[in-house]
Each structure stands twice: as C-alpha cells, then as structure tokens.
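Here is the structure we will look at, set down as structure tokens.
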Amino acid sequence: MYKPKNAVLKPLLALFFLTFIVTKISFAAVDGEAIFKNNCSSCHKIDEKMTGPALKDIEKRRDRAWIHKWVHNSAAVIASGDDYAVKLFNDYSKTQMTAFPNLKDEEIDGILDYIKNWKPAAPVAAAAAGGAAKEDNGDAFYFLALLFIIFVVVYLLIGKVNRSLISLVNEKNPGVLPKPIPLYKNRRMLGFLGILAVIFIGWRAADSAVDMGRSQGYTPTQPIKYSHKLHAGAVEDGGMAIDCKYCHVGVEKGKQAGIPTVNICMNCHKAVGETVNGTGKEEIAKIRAAYESGKPVEWIRIHNLPDHVFFSHAQHVKAGGLECQTCHGEIQKMEVVSQHAPLSMSWCINCHRETKVLFNDNKYYAMYEKLHQDMKDGKIKGVTEAMMGGLECQKCHY
Amino acid sequence: MEKKYWKGFEELNQTEEHKATVQNEFKEELPIVELFDEKFGTQSTGRRDFLKVMGFSVAAATIAASCEIPVRKAIPYVIKPEEVVPGVANWYASSYTDGGEYCSILVKSREGRPIKIEGNHNSTITKGGTSARVQASVLSLYDTNRSKNASINGSEASWDKIDAAIKGELAKGGVAIVTSTILSPTTKSVIADFIKKYPGSKHVTYDAQSYSGMLSANEASFGKYALPSYDFSKANVIVSFGADFLGTWISPVEFTKQYVQGRKLVGDKYEMSKHFQVESHLSLTGANADDRLVIHPSEEGLAVADLYNALNGGACKMPAMKKVADALMAAKGSSLVVSGSNDMNIQMVVNAINTMLGNYGSTLDIHHHANYAQGNDAEVAALIEDLNAGKYGTVMIAGCNPAYDYPTQKFADAIKKTACRISFNASMDETTKLCNYHTPDNHYLESWNDAEPKSGLYSITQPVIAPLFKTRQFQDSLLKWIDCPSDYYSYLQENWTKNILKGDVNDWDAAVKLGVHGGGEEVATTSKKEDKPVAKADDKKSAPKASGNVESALAAISSTYNGKKGMAVVLYEKVALGNGKHANNPWLQEMPDPITKTTWDNYAMISYATALKLGLMDNNGSLFSDHKPMWDAKETKLVNVKVGNTTIKLPSLVQPGMADDTIAIAVGYGRTEAGKVGNGVGSNAYPFKTWNNGTWIANALTADVTATSDKTTLAQTQTHHSYEGRRVIKETTLAAHKANPKAVNEDREDIKAMTTTLYGNNPRYGEHDYSQGLKWHMAIDLNSCTGCGNCTIACQSENNVSVVGKDHVIRSHEMHWIRIDRYYSIGNGEGGFNTMEKNINAHPDFQNVQVVFQPLMCQHCANAPCENVCPVNATNHSSEGLNQMAYNRCIGTRYCANNCPYKVRRFNWMDWNGADSFEDNMQEQVEVLGMSENLTRMVLNPDVTVRARGVIEKCSFCVQRIQEGKLEAKKNNMELADGMIRTACQSSCPADAIVFGNINDKESAVRKMYDAEDERRLYFVIEEINVQPSVGYLAKVRNTETTGTWMESKGKHEEHHEEKKAEAKA
C-alpha cells in the first residue's frame, strides 16, 4: 500500500543506511581488517574459538615466519612434522586450514597487526544509528496520529457546541430552526461518504491490480532456518561478517548471484556443527544430510522476476558497483530474509533514472564522447543509465 | 534498364489469387470461434449465448483472481561443477560428424544443456562455417523419438543381459559390420580389433549418397580409393557438371568457404572466379553460377566428353563446351572441373581433364586425400549375396539405414536371413525394426570420438552432456564385446597419444580444448604429416597424372548417354534434409528449400514446357488468360512417375531452370519409421536409382510420367511476404562494374538528395542521438551469399523461433526471422517494366533463368513504419538504432506487420512451444511437431523469451548477444571491440556474407564496408520510401558477359536462332 509518509521517509532512511554502510566499509578498508574479514573470519574469531582457534595473542604463541608458512600451506607444515602444527591439527578434529597461497607476506602481517591492535568494540555507532532511525520514523507517525486525534476532538467539540446552541434556540423559540437531522440520515453526508467509498474502493482495486504478482515483504519459511544476520552480520552484532561473495559466487560473473551450493556450506560446516551457543545443530544437520545424500536443498525463491525480464547481477554489482543492500535491504541484519524491494518496473526505472553509472571509471563508456564533453564542461554532474538508453524496452526485455 | 525479378510464376503472371494474397496479408481472424460450437451466435436465443460467455468469463476471472502466487523453488547444485556458473554459458570445442559429413564446431552449453552450435574458427577445413544440418543437430539430441534403452525384439533389456546374449551370438560365426562412412581413425581401429577377435568378420561401408563411382575412378586414375582435397579458392575457372558443391556435394561448408574467397570483391579488387554450371535441374550451386547450361540427363556424359574433346582440340557437339574449354585453357593450372555423377567413366574423364589442365597440385590434391566418402557399392552388393548365402552369423548396422535408403528391397530381405541382427541406430528406424537386437548409440553430443576428415588432419568430438537415456556408444559396445578392459575414452586417448600426438601427453588437453589438433589447425604438425606414407610412391612435389584408359571410358560414356531426350528422372538431395536420416528434425523439415522454397515435402520438379506437354496445366493456346494454371489455386496436380517396375505418385512443381523432359525428385523423404515428425512426409525416391557399372547412379534415363487428376497443396513460401513488385535487387556484371564502379549506385544519388544523411539523426526520432555510442548496422554481400539457408536455422536455434508445420506454412504462418528470398530473372531487361504477359511471351521457356538470393530480416529502420502504427507502443526505437519489440506489451493487432514494407514481422497464431497452454490441452497441430514436449524444450535458449500466442515477433539483431557483449566489455573494463558481438546468422554463415557492428566505430568492419562501398555497391532495399533501414546490401556482381542469360551459346538455341535468322532473311 502506498503510504505518503513512506515516500519521504524510505528514501531518507535508505540513504541513511547507505551512508552508514558506506562509512562502515570505508572504515574497513584498512588493510589487515579487510583481509581478515574476507579470508579468515569465516573460521576464526579473535577472542573466541570457532572452526579455528581464537587468534588473539597469536604472535605470542608463534613467530611471524612460521605463521607465513602456515597460512600459505598448512598441510606442508603439518607434513613436515612440526610439533605445534601436528598438535593443532589433532586438536581441531584433523581438519586442515584452507591454504592461502595468494596472500602476500605483507598482507598476512597486516592481518597480524590488525589482530594485535584489536579491541573488543562496543557496537555504539550501530546502536545509535538504529535508534535514531526508529525515532525518526516514530515521530512522523505520532505527529500525524496526534493531528488526527486533535482534528476528531475539534470536530466533535464543534458538533457538540452546535447541537447545544440549536437546542438552546429551540427551547427559546421553537420552530425557528428545523429539527436537526441526525448524521446517518444526512443526505449530503451520505452522498459524500458514498463518493469517498467509491474513490477508496476504486483506488484500492486499481492499486492491488497493479500490485498483482508483486510480493514486497514476502518472507517464506525456508527449509533450513538460515540466518544472514549470523553469517553476514557485523561482528559487533554477533555476526561473522562473511563476505556476500564468498557464498553467492555468481554475483560478479553472471545473471544469478546464485543460491550457495551445499559444497560451499560444507567448506565450514564440515567442521562447524553448532553455533557458539550450542544452537543450530538440527539445521546444520540438514545441510550435512543433503551433502551426504546428494539431494539438493529446495530453497523457496523469494525474489521472483517475471520470465520476460532479463536481470543480471554481474551488470549491477560488477559493472555498476552497487551494494547488495541497495536492492536487498539490510540483508546482514535479517534473521529471515524477506523481499525488501517491490521489484516493480517503476522501481527499476526509477533507479536507472537516478543512479549515476561509473562513467569515468569504466573504459566501456569511452564511446559516449558527447557526454564526456558535457561532463567536462560542467553541463552535467554525472551520467545516469537513462542518459544512455537505460529506459528502453530491450535493455531488459528480449 | 530494369530487369524484372520475380519469385514464382504466380507473381510473374500476377494471378488473381496472388494479388489477393498480397493485398490481404492476414486473411484470417483469430481462431477464437473454435471455442464454441458452430451454431454459436447464429441462433435467436442470444440470451443463452450471452449467459454462456458470461458464465465462462466469470468463472475464468474467479479462478484467475483466486490464484495465489505460486511458490517457486530455487534449487542449487549439491556440489557445483567448478566450471559452471548458473546463467553463464560454457563453450566446448567438438566435431560434428555424421557419416562422411564433417564440421568443426563449438557447442554452447547452459547449465549442462547444449543449446546452440557455432563453427570453430580454429579449423582449417570448415573455418568457422556451419551448415543447416549442423545447426539443427542440437535439436536431434532432444528428439523424443530416440530409443531410450537397449532392447531385444522390441522389449527393454538391461545392458548386462544384452551383452551376454550378443556375446553368445557372436561366438557362432562371422560378423558383417555395415556402417556409413567412418571419419574416425580410432573407431576404425576398434573395428579392426573386433574383426581380429572374431575372424571371418567384415566391415562394409555403405553410404546412401554414393560416391563409389568417383572413388573407383580415382583408384583407376591414381591407385587410391579416395576423394581428393579440393580447393575452390585457388580456382579462377570452375566448371561443375551437376555437382552441387555449395549445397550437398561432398563437403559443402568447406567448399562454400573456399568458393566465396574467389567471389568477394574487396577493396579495389575487380577480379572474380568464373563459374560454369552444367546441369539438368536447378541446384543451389547452379543458382550461384555465372553461366549455366541446362542439359538433359542423357547428355550428362556427352557434355563431359565434349569438354574433353574440346580441350584436346577435337570437335564437340555442344558449341557451349568450346566456350568452356577456352575459358579453362586460359586458366590452366588454376581451374577446377568437377562432376556430381557417380558414373565411374564420367569421373575418369573428369580426372583426365583436370590432369590435362594441370589442376592437381593447385586446386586438387590427391596426396592429402579427403575421407568424406568411403562407401563401396560393389562391396555392399557382394555383401547382400553373402548374407543371402548365409555366410555371416551376425549383421551389425551402425549409422546407416539401408532398409529405407537402399535402392532395392534386396538389402532388407538379405539381412532377415541372418540369425543375429544388431542395430546401433539411434532410433527404431526402418532397418532397426528388422533387427532383433537394438543397442542404441549415443548422440554425437554425448560421445567421445575423433575424426580425420582429410589425411593428416585430426579433430576431436567431446561429449557436452551425459547420455540422456540408457544408450551406449557404438564403440563402447564393440569394446565390451571383445572383452577390452578399457572404455572407448581411454582407448581413444591412448590411440591419440600413441599414434597421432606421438607421445606428447600435453597435446591431448590442448586438442580437446581446441577441438582440432596441432597449433590451432587440424594438421598433426607439418613434419608428422610428411612422415605419413602416401599411398603409391608418387613424388610429392610433382603433380600426379591420371592414368587409366580414358578412351574406353569415353566409349562407355557414348554408349550410356545417347542424348535421346526421353523422359528421365534425376535424384538429388535437399540442402536441409540430405539423405533423410534427420527426417524427424522439424527445423530441417520446415526450412524452405533454397531453390523451390518448399517445406515439408518432396515433389517432382518439372520444366515449364514439359508441364504443358503433360497436361499439368490447362493450355488452350493461351496460357494465362481465362484458365487457371495449377499454381493459381495453390494446388498442384499429382503425377505418377514410373521407372522400371516402381511407380511413385508425387505432387508436381513447375520449376524454372529445369531441363525439359526431366523430373527431379529429392531423396530423403517418405520415411515410415522416422518418428512422428518425419513419418509420411513425401515419398521415397531411392528406388529410382539405377545400377550401372558397379555403382548406383542417382538418375534414371528412361522413365514414364503421367499426370493424374488428383491435386494436393505444397507448402511453398516463395511468394509469401511480397514486395508487390518493388525493386529490391541490384545487380551488375563484372565487366560493367569494373568499367564504372559507380554505375550501380547512380540512382542512389537522387534518393540520397531527397532524404536526410545516411547515418544522421532523423528529426522524427529526435530523442535519440546516434552520433555517439552505439548504432547497430549490418551489411550483407549478395555476391557472397549462396542462399544455403543455414542462417535461417542458426537464427531459429538462437532465438527460439517456432516450428509451425505444413498446414500453417501453407497459410503463410511460418515464423522464421530471417528468410532468404530467391528471385528469378530472365533477359537483360531491355523491355523494362513491361507487362507480365509480355514478359512471359517473350521467353517461351524458363530453362535459362538467373537467380539472386537475398537474406532478409528486420531492417531496423530508423524511421520505422511499424513503430508509428502500434497502438500500445509495443514496438519502438532504441538509442542504439534497434527496432525493439516488447512482447508483453503486444496485444496482437498486427498493424505493424501490415505496415512493414519488408514483411519481416511474424505473428504467433498458436502456442507453438507450449509456453502458455493448460497441460494436456495442447492444440493438436502443435503437439504433432513435438516442439512443445519437455524434452524438446530443453533446446530453448533461456536468454530469449519464448513468445506466447497472439504476439508479433521479429529479428532483434540478436539483442541478447548485444547485451551480453556489452556486459562482457563493462565487466572487463574495456572498450567494446568490433567482433565481440556477432549475430547468430553472421557467425554461422559459411560464406561470411553478413557483417554486423557499430557504425559509429570507425574501425568496425561494417563501417569500413559502408565507407568503401557507399558509392559502389552499397544500397538499401526500397530506400526511396525513406524508412532508413539499418541493413545495407552489396549489389550482386555476375562474372558474365551480359546481364542476360547464356542461352544464346547453347547448342539447341543456337540452331533455333539460326533458323530464326534464316527465316528473317527469307
């Protein structure tokens, strides 16, 4: 349903969250932290034991040269018969740490520096931000509700005063004023209400007809109670901050981001059988069962585009540089995923009108010489998809 | 002066029916009435009708409205194959082999499903070209008629059971292995192993289209039972005696690639090869010839002998041959003479001619022979005797169907006498029905294999999908039965490593990756090639000389070919369907024949004069007055064709370019066990082959043809989509073009002056600024296009174009997005636009027609008439110059199709793909085509919408490929390079006739072509109506003396003319 207040607030909110996310990410751009989050955090926490050991004070236990070797190829270290390594291997139910031959020594050092300087952070910023947002939202609603109540009270008061005055007049001079017609018999009133009803029903009918087949807010129960908040959520929120692309491997390559295949789940869940709180055993068992039986998990598809729509994740994420959250909402905070965007054509089109493409960064756009000139001359600030034909039918329908 | 171009006699004659068809493009209303009974709306009780409709609508609306959004599942892999990314296609190099047919290919696979085939540019043979059959082979993979399991006497049996049973049978006695030509050296090695294990066995090669006379001739001439390698690109003069080398003869894709090299006029080159065709029916190759001589089949040998005599300075009966001989003598060493005849004597003389001309070593190479045909008719005949004598305990049939295509019943009768009969064929075809064991082979897309198309050139077939059914590869079965421990894949790899790669294991992976072996070529490296012993110790450097007794061959020819022009039958293969093996492939059945433009049938092609003689048309002195010639009613009379004791009843088709007293019939039709698509389509003409000198000849020199009064309708598309006589073709002669390259385009100056600039911005579409970014254009060289029709099938495969079936083709409902218009013309046009009757009277026979092919698809007009009339803006223009079609907006008014001057828009009269039908409620005529079944629908391209009933569709310039290419560039942060985006028609074209690209890119091929040819040959079809199309055509150039025909030089006509002259003098 169309809510006027949302029209103003949602973009504001979205913008707010976007800034929030963007700032968070720019913070995370510090070398070691980013590398840690992308590569290590799925199995390691700094202060807690997970798939792998807690990494706090790691440098007190081993020197950097050993760690370099271990990270590059842990199997080789174990094979060399290194006592510490063998013990580690046995302690962690004989699972090997994934080798990272591509990580440079400096990058590993960066991780180690990050671990050394790490302090358990209180999630102040996030809490504050969330609170402010809620308040914002509430204010407007209460304000409108208050106005409405005041309006009703004033209306009733005036009516009461009016009736009192009429009855006073009637008492003094009977017959001067006609007998007041009750509201439910007032023809003007009924006519007015009738028109209102027709307008309302018509509007609702049209609105829901337009909405037919759309399912914003769709939150089905999935066969496995998977939590994005736990896996992809910020560490401060009790999440593991696994990069989206670790599981959704197709997002930069093809149309589909891809529901993770069971073998990807099993990269971690071979070792991880429960959460730190000891919950989730049943759900993880389902994955293991699927892996063993070879019977795929039948997830319920939430984001459904009609068959005649061509949409490519690679186009938007890789070429367009968009964040997942732009369309999927704050997925990293969702315990259960629900459809954030309406996925209507107007929603698509609107974004194509407003969002600036990476015009100067991508060599592909070099052929738009005039637009480049216009930008240089300051005639336009940026180039949207719409300026290059992004609203045309056969950009998405063919 | 204008030449008159026409697509068929009905157009030339402007019959009433034709005019009506042209004016009323969509004669039919939407077939809604079928929903109700016949009396609907006619009775007085309108109230009841109203209630009926009302009730239906309310119920339907209620059901529709109460439907919840269905829950859709997203089911990922359990373990994802590393190379698969959902939504991203994988490409695998492979080789298409089917008997002796060969094409190096790339297979596009989506989520493990092969959906499209492209040519492999690494190949030195097919060089990225494909044929219609190669394109359609991907559909055969999903043929519902394929056998789904092995069986004994028709009932399913497990492989273990069948293996045990067959091994028992094999122990009983010798095995006769009957296969079609095998290109694979490793398969031959498996067969050799098999024969070693079971002594007394024999491998016999049988090909439905026999080249055994030619092979025998080569054996006699050069001591080698093999075909030479041809190189048409080196030939300045090409003479073909009935060899349809661009359509069906030996290796058409390879030959087309070579042929067009000599035909293209690039830059300032004004040189072209000269092509003479001598034939009795109009073939695809004949249609492309510069000069074409029509002869009666009984003159075939005489023509070759005449040429031989003329080259030797002797006398010749046909004056035309003198002319041909002169041209050949002038191009000694760079000419090529070929003959399509299977008569050994003719081929001996052809070999002698080529030797005389010094063509061996330049255009011909017998040292590096081709393996495309290995069949031996005499051996097959001997085998039949042996089978009858009970010499073999087992007979195996692999890849051939002699019960259907052997000219006599003898083969079918003979194999019935063998106790154990095993068929490896993919389906329960005619021969398999006669076998007690059916061990179906995999489709080639499910198989490992190799090929040696020419000696020393190797390529690999790799599977792109696991077998869909419980089938097993032919070679694996053989290996199993000889108790070989390894499977065929290991056997193949071992054979390659040992014998072909000579121990270099790394080359195996490279070869699999490239599809062809050795540094991107099929050549197994030059040095290794030289190592190979060449049969007979000929000196490699010196050109071989044809030995053998030419004189006796000439004598034999003159006794066989008497030149007595009685009624004769010529058999030919159709470009699409070939020998009939793929008769169950609806794409091939519905592909209009390049020449007759007929689908779903074979027929007796008859010359105009003979049709009159046989009474196939009414003729009371005046042909086209108040009488109804057969084509008016679109009905043709059936004729009885009798050769020997066999009579076949066929529809007749009057065909320009036919020799008089000659009936040409396509083989490959009349299958009885092909499957539901191919069964009963046409009639089987194989029995008309005649046995001569140890080979089967594809003609019968004496036949009896009688007209019947029965009539039928042929699904002929030739006059569908009419231009109503507007001028769409431009052509010139080489001499004229050389003298004044701008002559062809003189008239364009006026047109250009009237319209805005060619690439400029049309004010009507002011919102699109075409001067930057992308603007898609295409250029089609009519001089290169051979009209083979491969693009039609490539487009069908890429764009999910529907098949509609014969009945609907008759009603002009065919859906092909790209059609190839074939125009006939007669004379040099001195009469200008004279009346039709005059045209016909001026040309009493239609033997000597010239042909132009014009591929036509949506022209993506910048000022498109279709866009203006759409009431719902479903078709509109993009900033990249594409005429876009939004199917979901389309409400099916068909105004756009009516308003399209090029007639390229197609309407979905039915739910052809089963996209939006209720289950089990499919239209009968849709179901019979088999395209709506789940298995068949696996061939659909998931990136292209499957269109629903009631919407218009048309060529999109392969917009899905455009979008994919653009995204690829963006993803890799690079500029869009020319050639990154190739349309399906363009990339499949063996003639490289189609160029596509961004006209704003100064380096693009299309821009360069436009710039270079703007004043010379580039023109746009009906440019004068200012629709500003985006497809440019390059005018056709003929390497001939006049734009007129060559008939004057033909013997018969020369006499005729002399008589006339004499009369005039008198």
Side-chain angles (χ1 to χ4, degrees), chain A residues 212-215 218 220 249-250 252-256 258-264 266 290-291 293-304 306-310 312-315 318-320 357-358 361-372 388-389 392-398, chain B residues 65 69-80 85-89 768-769 771-774 799 873-880 882-889 915 942-946 948 956-960 962-964 966-976 998 1000-1001:
Chain A
M212 211 149 91
R214 286 183 200 153
S215 48
Y218 181 40
V249 287
E252 288 191 336
K253 294 179 196 155
K255 288 203 291 190
Q256 283 109 335
I259 309 286
T261 54
V262 177
N263 63 326
I264 295 178
M266 289 300 281
Y291 188 69
S293 68
K295 210 167 163 267
V297 183
E298 297 192 2
W299 299 95
I300 291 168
R301 199 181 158 122
I302 298 167
H303 297 86
N304 291 302
D307 284 346
H308 59 273
V309 181
F310 182 94
S312 168
H313 274 91
Q315 168 72 63
K318 175 84 178 174
V357 299
L358 305 172
D361 304 339
N362 199 323
K363 287 193 189 118
Y364 168 80
Y365 298 112
M367 62 179 138
Y368 294 96
E369 292 137 15
K370 278 192 188 167
L371 288 172
H372 274 288
M388 294 177 296
E392 290 157 5
C393 305
Q394 276 192 343
K395 290 294 186 291
C396 312
H397 307 292
Y398 43 80
Chain B
I69 299 171
V71 173
R72 293 210 261 176
K73 299 264 176 76
I75 305 174
Y77 287 98
V78 174
I79 296 169
K80 186 175 81 70
V85 178
V88 179
H768 295 317
D769 180 4
S771 64
Q772 66 168 349
L774 299 163
N799 291 305
N873 202 22
T875 185
N876 51 43
H877 223 69
S878 93
S879 57
E880 296 173 15
L882 297 179
N883 175 254
Q884 333 180 80
M885 184 68 219
Y887 307 119
N888 266 56
R889 268 191 192 170
D943 286 339
V944 177
T945 306
V946 175
S956 65
F957 264 177
C958 283
V959 64
Q960 68 281 4
I962 293 178
Q963 290 296 89
E964 192 188 353
K966 281 156 69 181
L967 176 56
E968 208 51 41
K970 283 183 208 165
K971 268 168 30 182
N972 295 316
N973 190 14
M974 59 186 276
E975 290 189 33
L976 192 67
N998 177 13
N1000 285 338
D1001 177 0

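Proteins get letters first, then strands, A, B, ... in listed order; numbering begins at 1 in each.
- For chain A, no part of B:D1001 is nearby; none of its heavy atoms comes within less than 4.5 Å.
- With a threshold of 4.5 angstrom between heavy atoms, A:P220 does not approach chain B through any atom at all.
- Heavy atoms of A:K318 lying under 4.5 Å from chain B belong exclusively to its side chain.
- Ion pairing of B:K966 with B:E880 is present here, as a side-chain N (NZ or NE/NH1/NH2) and a carboxylate O approach within less than 4.0 Å.
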Check against side-chain hydrogen bond (donor to acceptor under 3.5 Å, both in side chains), A:E392 and B:S879: CA-CA 8 Å; A:E392 290 157 5; B:S879 57; 2.8 Å; yes

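- The contact between A:S312 and chain B is made entirely by side chain atoms (from C-beta outward), counting heavy-atom distances below 4.5 Å.
- The residue among A:G294, A:G254, A:A290 with the most heavy atom pairs within less than 4.5 Å of chain B is A:G294.
- Of the residues considered (A:E298, A:E252, A:M266), A:E298 shows the highest number of contacts with chain B, using heavy-atom pairs under 4.5 Å.
- Contact annotation: the side chain of B:P76 never approaches that of A:V262 to less than 4.5 Å [non-hydrogen atoms, C-beta and beyond].
- Residue B:L882 touches chain A through its side chain alone, counting heavy-atom pairs closer than 4.5 Å.
- For A:K295, the part lying under 4.5 angstrom from a heavy atom of chain B is the backbone only.
- For B:N888, the part lying under 4.5 angstrom from a heavy atom of chain A is the side chain only.
- The candidate with the highest count of non-hydrogen atom pairs below 4.5 Å against chain B, out of A:Y368, A:Y365, A:Y398, is A:Y398.
- Taking chain B as the reference chain and counting heavy-atom pairs below 4.5 Å, the highest number among A:V297, A:I302, A:L371, A:N362 is found for A:N362.
- A donor-acceptor pair shorter than 3.5 Å cannot be found between the side chains of B:Q884 and B:T875.
- Interface check for chain A: of the options B:N799, B:V946, B:D943, the most heavy-atom pairs under 4.5 Å are formed by B:D943.
- Residues B:K970 and A:L358 have side chains not in contact (no heavy-atom distance under 4.5 Å, counting atoms from C-beta outward).
- Residue contact with chain A, scored on non-hydrogen atoms closer than 4.5 Å, involves the side chain of B:V88 exclusively.
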B:E975 and A:K363: CA distance, side-chain angles, deciding distance, salt bridge (charged side-chain N to carboxylate O under 4.0 Å, His left out) verdict: CA-CA 5 Å; B:E975 290 189 33; A:K363 287 193 189 118; over 6 Å; no

